[in-house]
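Read the structure below first, then the notes.
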Number of protein chains: 2
Amino acid sequence: MTRPRTRIQRRNRETILEAALEVFSAQGFRGATLDQIAEVAGLSKPNLLYYFPSKEAIHAALLGDLLDIWLQPLREMDPEGEPLAEILTYVRRKLQMSRDMPRESRLFANEVLQGAPRMGAAITGDLAALVETKAAVIRGWIAAGRLADVHPKHLIFSIWALTQHYADFDVQVRGVLGPAEPDPYPEAERHLERLFTRMLAV
Amino acid sequence: MTRPRTRIQRRNRETILEAALEVFSAQGFRGATLDQIAEVAGLSKPNLLYYFPSKEAIHAALLGDLLDIWLQPLREMDPEGEPLAEILTYVRRKLQMSRDMPRESRLFANEVLQGAPRMGAAITGDLAALVETKAAVIRGWIAAGRLADVHPKHLIFSIWALTQHYADFDVQVRGVLGPAEPDPYPEAERHLERLFTRMLAV
DNA sequence: GAAGAATTTTACCGTCTGGTCAGCGAGGCT
DNA sequence: AGCCTCGCTGACCAGACGGTAAAATTCTTC
């Protein structure tokens with residue numbers, strides 16, 4: 001199972017995944033075509049299928065890598081830290097991910113929007129378990145009077161919704177703000193900091 | 001331009017749009033096929049194309065109806081009302097729409113996610129203008145000291161993100177909450193009320 | 001109930017899509 | 001140099017796709 005043997009394998013697999021991310025995130029799984037991915041990658045379609053057995057497999061490889069990266073900031077929320085600071089750090093890191101990895105955010109959003117047909121297990125499994133763990137931490141903080149009383153899981157949903165919105169609905173955000181405000185993120189960060197501080201401070 | 005002349009025309013156009021909403025919202029534009037829509041509608045594919053000139057036209061008809069419905073609650077936000085109550089009402093109505101019209105929410109999300117290729121004009125036009133108007137109202141409330149100081153447009157983004165999240169990421173929300181909590185909405189409403197109250201109260 | 005219009009179906013077309021296959025070429029090893 | 005594996009290509013296929021044409025059916029109106 002040692003996948004990428006040679007240098008050329010590693011390079012081309014990476015090129016393909018990069019192109020596939022570009023196309024899948026913009027079109028969804030069914031909307032994307034192997035020809036599009038091949039063109040973006042600068043490779044021929046049969047060559048794609050030399051490295052991956054099918055369109056499905058390319059998509060699966062992307063999603064497999066993604067969930068780990070995506071949940072890393074939540075994993076790093078420290079039960080020993082100062083509650084509000086921990087949550088604000090999480091919010092900031094998640095917002096940074098929206099800015100720096102919007103395609104990954106959209107890939108994920110596309111998948112979940114369409115009912116997570118290729119990811120259902122990961123959501124009810126790893127994801128649900130991690131959230132359960134962190135919700136318990138938050139519950140502890142609240143019980144200790146170090147954080148305002150909120151529903152822990154809905155708090156996490158709120159963080160996801162608010163931060164990912166800036167990646168997933170980018171065109172809408174920019175369309176509404178107009179050309180005078182070319183980068184929504186600095187203002188978004190101030191706004192979200194204020195929102196969560198006021199919501200959670202005791 | 002009086003479209004639906006006979007009863008049968010009106011009924012079949014409606015059947016088709018209902019089926020198209022089902023399919024487009026679950027698959028996106030490119031992912032949906034006329035055969036799928038025809039099957040859901042219980043009509044033959046050529047019969048679909050008797051009522052609508054093309055796949056594009058069906059999609060356009062859906063989106064055209066949608067934006068009006070979608071923005072109605074924001075339009076109804078009353079500049080003469082009590083600021084916090086007006087905003088909480090808006091949040092509640094928007095959350096109700098997520099619960100009662102999740103397919104419409106997902107149709108919209110799919111479109112925007114993929115760069116709003118068939119809706120760009122409406123976003124930078126009508127939508128941006130309406131938000132500008134309402135942002136001015138909010139700015140007035142803040143200046144009068146009747147609402148906490150927040151960025152008006154990012155406040156509106158927050159309302160959209162938080163409420164639509166429950167429709168667009170439904171499988172994720174339910175997957176994380178688990179089967180013990182079959183209806184996320186009552187808790188979501190309490191959570192969002194608390195969030196916006198704490199955020200906005202002076 | 002016949003005429004004529006509105007609706008629906010059958011059969012079909014050209015294009016696109018995911019995927020296959022036989023072979024060609026390039027690299028590395030002895 | 002010769003061999004052999006790895007990497008790559010062009011031609012192709014079967015099915016799905018959006019859409020069309022014309023005939024068949026149903027509905028309305030007199």
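These numbers come from the heavy atoms of this one structure, side chains and all, not from hydrogens, waters or symmetry mates. Proteins get letters first, then strands, A, B, ... in listed order; numbering begins at 1 in each.
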- Task: Indicate yes or no: at least one non-hydrogen side-chain atom of A/R174 is less than 4.5 angstrom from one of A/E181.
- Result: no
- Task: Inspect the contact between A/R194 and B/D149 and indicate whether a charged nitrogen and a carboxylate oxygen are less than 4.0 angstrom apart.
- Result: yes
- Side-chain N or O of A/N47 less than 4.0 angstrom from OP1 or OP2 on D/dG10? no
- Check whether any side-chain N or O of A/K94 sits under 3.5 Å from a backbone N or O of A/I159 as a donor-acceptor pair, and report yes or no. no
- Would you classify A/F52 as touching base, sugar-phosphate or nothing, given that sugar-phosphate means primed atoms plus P, OP1 and OP2, and contacts are heavy atoms under 4.0 Å? nothing
- D/dG7, D/dG19, C/dT9: which one has an atom nearest the side-chain heavy atoms of B/S44? C/dT9
- Query: Is a salt bridge present between A/E18 and A/R103, judged by a nitrogen-to-oxygen distance below 4.0 Å?
  - Reply: yes
- Query: Where the side chain of B/Y51 is concerned, which of D/dG19, C/dT7, D/dG7 is the nearest nucleotide?
  - Reply: C/dT7
All N/O pairs under 3.5 Å across the protein-nucleotides 21-29 of chain C interface:
none

- Message: Just to be sure I understand the geometry, which residues of residues 16-39 of chain A put a non-hydrogen atom under 4.0 Å away from DNA chain D?
- Response: A/R30
- When the ring centroid of B/H191 is compared with that of B/Y185, is the distance short of 6.0 Å? no
- Message: Return whichever of A/L43 or B/K45 has its heavy-atom-nearest nucleotide of DNA chain D closer to the 5' end.
- Response: A/L43
- Query: Quick one: bend of the helix from C/dG1-D/dC30 to C/dT30-D/dA1 from 5 pairs per end, to 10°?
  - Reply: 10°
- Quick one: is B/N12 getting a side-chain N or O under 4.0 Å of the C/dA6 phosphate, OP1 or OP2? no
- salt_bridge(A/K153, B/E187) N-O dist < 4.0 Å: no
- Of all the nucleotides listed (C/dT9, C/dG18, D/dG18), which has the minimum atom distance to the side chain of B/K55? D/dG18
- Task: Give the minimum heavy-atom separation between A/F196 and A/L84, together with the two atoms involved.
- Result: O-CD1, 4.0 Å
- Task: Ignoring backbone atoms, test whether B/Y50 places a side-chain nitrogen or oxygen under 4.0 Å from the OP1 or OP2 oxygen of C/dT7.
- Result: yes
- Message: Does B/K55 qualify as a cation-pi partner of B/F29, given the criterion of NZ or CZ under 6.0 Å from the six-membered ring centre and within 45 degrees of its axis?
- Response: yes
- Message: Whole angstroms only, please: what is the CG-C1' distance between A/L49 and D/dA11?
- Response: 15 Å
- Query: Hey, are the side chains of A/P102 and A/D170 touching, using non-hydrogen atoms and a 4.5 Å cut-off?
  - Reply: no
- Message: What I want to find out is whether A/E111 reaches A/R106 closely enough, with some N-O distance under 4.0 Å, to be called a salt bridge.
- Response: no
- For B/A148 and B/I142, the nearest pair of non-hydrogen atoms, with its separation, is O-CG1, 3.5 Å
- Value in whole Å for how far the C1' atom of D/dG18 lies from CD1 of B/I58: 11 Å
- Hey, does the side chain of A/Q9 come within less than 4.0 Å of D/dC6's phosphate (OP1/OP2), counting only N and O? no
